[in-house]
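Here is the structure we will look at, set down as structure tokens.
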Amino acid sequence: MKIVETKQIRKEYNDGESVLVALDDLDFSIEASEIVAIIGPSGCGKTTLVNILGLILDATRGTVIIDGRNTTELSEKEKATLRNSFFGYLTQDFSLIENDSVFDNIRIPLMYSAQKIGKKEQRTRVEKYLSQLSLESIIDKKVKNLSGGQRQRVALIRAIINEPRVVIADEPTGSLDSETSKDIFSLLKGLVNEGISVLMVTHNVELANQCDRIIEMLDGTIKPEQGVTR
């Protein structure tokens, strides 16, 4: 079942003198409970595509359909609500707030949730996810005092704390050593077993080959021969 789908997505950037086509009429979809790798050279449009899929960036034209809803018909407020409830985000640098505690970092998506979750319930939910990774003892530690492995797990928990349908991971292993990269990928694969889909932008071919599908991009287009189940 397709839970995210694009139809003829095009993205242009205009600097006043010329037009750069970042995405050229792409058709793309994500199925429920799968992990998909997007690969391709720098500048080919990978991050632009996932930002449009995740409703962070608007396309110049085309349609993004999320869980059967045509997002071009939604207001900005409705898009923000859908974005926060449907997607979780994991970035290369993890984007953690160094001087805040683990709890305050992880609960950020809950603070903007349409469910209006109170602080006590937020803490209960954060404790539950931390305990699953044997990290309950660090809940009140400042992020700046964490090890690299702890930081990556905190970032992953923050990405799934709202129980999203899709996690978008943009180069989540790009700055990590090989063993740590395998650990974070293993955690992402585990999400699929829980019914969460994962869309991962990566340059790591070894990890890409372990995904359910590989989408290879070049110059703002998808190479059709790569968009198949592996």
Side-chain angles (χ1 to χ4, degrees), residues 2-15 19-31 34-67 69-96 108-109 112-113 155-156 158-162 164-175 184 188 191 196-204 207-208 211 213-223 226-227:
K2 295 178 182 179
I3 57 174
V4 178
E5 183 179 8
T6 71
K7 295 183 178 180
Q8 295 292 290
I9 285 296
R10 185 175 180 88
K11 181 61 178 177
E12 299 175 353
Y13 294 99
N14 192 332
D15 64 6
V19 175
L20 171 66
V21 178
L23 298 177
D24 191 6
D25 298 332
L26 294 190
D27 292 327
F28 177 77
S29 64
I30 307 168
E31 302 284 333
E34 69 169 350
I35 182 167
V36 178
I38 298 182
I39 65 173
S42 297
C44 71
K46 302 186 299 294
T47 295
T48 299
L49 175 59
V50 297
N51 283 342
I52 288 175
L53 288 172
L55 303 180
I56 295 173
L57 188 65
D58 289 330
T60 303
R61 69 167 184 257
T63 306
V64 178
I65 300 171
I66 295 177
D67 204 24
R69 301 178 70 184
N70 183 345
T71 60
T72 59
E73 299 172 351
L74 302 180
S75 67
E76 290 304 315
K77 183 176 180 180
E78 288 171 327
K79 285 182 183 179
T81 299
L82 181 59
R83 179 171 60 241
N84 191 56
S85 63
F86 200 86
F87 295 101
Y89 301 90
L90 184 62
T91 59
Q92 181 174 337
D93 62 1
F94 302 141
S95 299
L96 298 172
I108 290 173
Y112 296 96
S113 171
L156 181 61
R158 186 181 61 186
I160 64 174
I161 195 67
N162 250 3
R165 299 279 300 281
V166 177
V167 168
I168 294 176
D170 192 358
E171 295 286 0
T173 64
S175 60
I184 197 75
L188 290 171
L191 298 179
I196 297 173
S197 298
V198 176
L199 182 60
M200 182 177 69
V201 174
T202 185
H203 282 99
N204 190 320
L207 295 183
C211 293
R213 285 192 294 142
I214 294 178
I215 303 298
E216 185 173 359
M217 294 187 65
L218 182 65
D219 297 332
T221 63
I222 291 174
K223 297 177 69 173
Q226 293 296 316

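Heavy-atom basis, side chains included; hydrogens, waters and symmetry copies ignored. Positions are given from 1, in the same order as the sequence printed here.
To the nearest 0.5 angstrom, T6 atom OG1 is 7.0 Å from F28 atom CZ. Atom CG of L26 is separated from atom CD1 of I9 by 8.0 Å, given to the nearest 0.5 angstrom. One finds the CZ atom of F86 at 10.5 Å from the CG atom of L53 (value rounded to the nearest 0.5 Å). Taken from CG in D170 to OG1 in T47, the straight-line distance is 3.5 Å, to the nearest 0.5 Å. With values rounded to the nearest 0.5 angstrom, E5 atom CD is found 10.5 Å from I30 atom CD1. Note: S113 OG to N84 CG = 6.0 Å, rounded to the nearest 0.5 Å.
Looking at N204 and T202, their side chains never bring a donor and an acceptor atom within 3.5 Å of each other. For the residue pair D24 / T221, no side-chain donor-acceptor distance below 3.5 Å is found, with atom types taken as modelled.
Looking only at side-chain heavy atoms (C-beta outward), V166 and V198 stay at 4.5 Å or farther from each other. Under the 4.5 Å side-chain criterion, counting only non-hydrogen atoms from C-beta, V167 is not in contact with L199. Within the 4.5 Å cutoff, no side-chain heavy atoms of I65 are placed close to those of V4. Using a 4.5 Å heavy-atom cutoff, the side chains of T63 and Q8 are not in contact. The closest side-chain heavy-atom distance from M200 to C211 is below 4.5 Å. By the 4.5 Å heavy-atom criterion applied to side chains, Y13 and V19 are not counted as neighbours. In this structure, L49 and M217 have side chains that are in contact, with non-hydrogen atoms separated by less than 4.5 Å. Taking the side chain as every heavy atom from C-beta outward, L90 and I168 never approach each other to under 4.5 Å.
In summary, R213 and E34 engage in a salt bridge, as defined by a charged side-chain N under 4.0 Å from a carboxylate O.
Side-chain atoms of Y112 do not come within 3.5 Å of backbone N or O of A80 as any donor-acceptor pair. Looking at T60, its side chain does come within 3.5 Å of a backbone N or O of E12 through a donor-acceptor pair. For R83 (side chain) and L55 (main-chain N/O), a donor-acceptor pair under 3.5 Å exists by modelled atom type. For N70 (side chain) and T72 (main-chain N/O), a donor-acceptor pair under 3.5 Å exists by modelled atom type. Between the side chain of T81 and the backbone N or O of K77 there is at least one donor-acceptor pair closer than 3.5 Å.
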Checklist entry - Should L156 and L188 be marked as a side chain to side chain contact (heavy atoms under 4.5 Å, CB included) after you check the CA-CA gap, both sets of side-chain angles, and the distance that decides it? => result CA-CA 8 Å; L156 181 61; L188 290 171; 3.9 Å; yes

Item to check | Verdict with supporting geometry, L82 and L74, side chain to side chain contact (heavy atoms under 4.5 Å, CB included) | outcome: CA-CA 10 Å; L82 181 59; L74 302 180; 3.9 Å; yes

Checklist entry - Could you walk me through whether R10 and V21 pass the side chain to side chain contact (heavy atoms under 4.5 Å, CB included) check? => result CA-CA 8 Å; R10 185 175 180 88; V21 178; 3.2 Å; yes

Checklist entry - For I52 and K11, what are the C-alpha separation, side-chain angles and deciding distance, and is it a side chain to side chain contact (heavy atoms under 4.5 Å, CB included)? => result CA-CA 9 Å; I52 288 175; K11 181 61 178 177; 4.0 Å; yes

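Shown here for A208 and I39, the closest heavy-atom pair between the two residues is CB-CG2, 3.9 Å. In plain terms, the two heavy atoms of G88 and P164 that are nearest each other are N-CB, 3.5 Å. F94 and P172 get closest at one heavy-atom pair: CE2-O, 4.1 Å.
For residues 42-59, the pairs satisfying salt bridge (Lys or Arg N to Asp or Glu O under 4.0 Å) are D58-K79, with sequence neighbours left out.
When the side chain to side chain donor-acceptor pair (under 3.5 Å) test is applied to E171, the partners found at least two apart in sequence or on another chain are H203.
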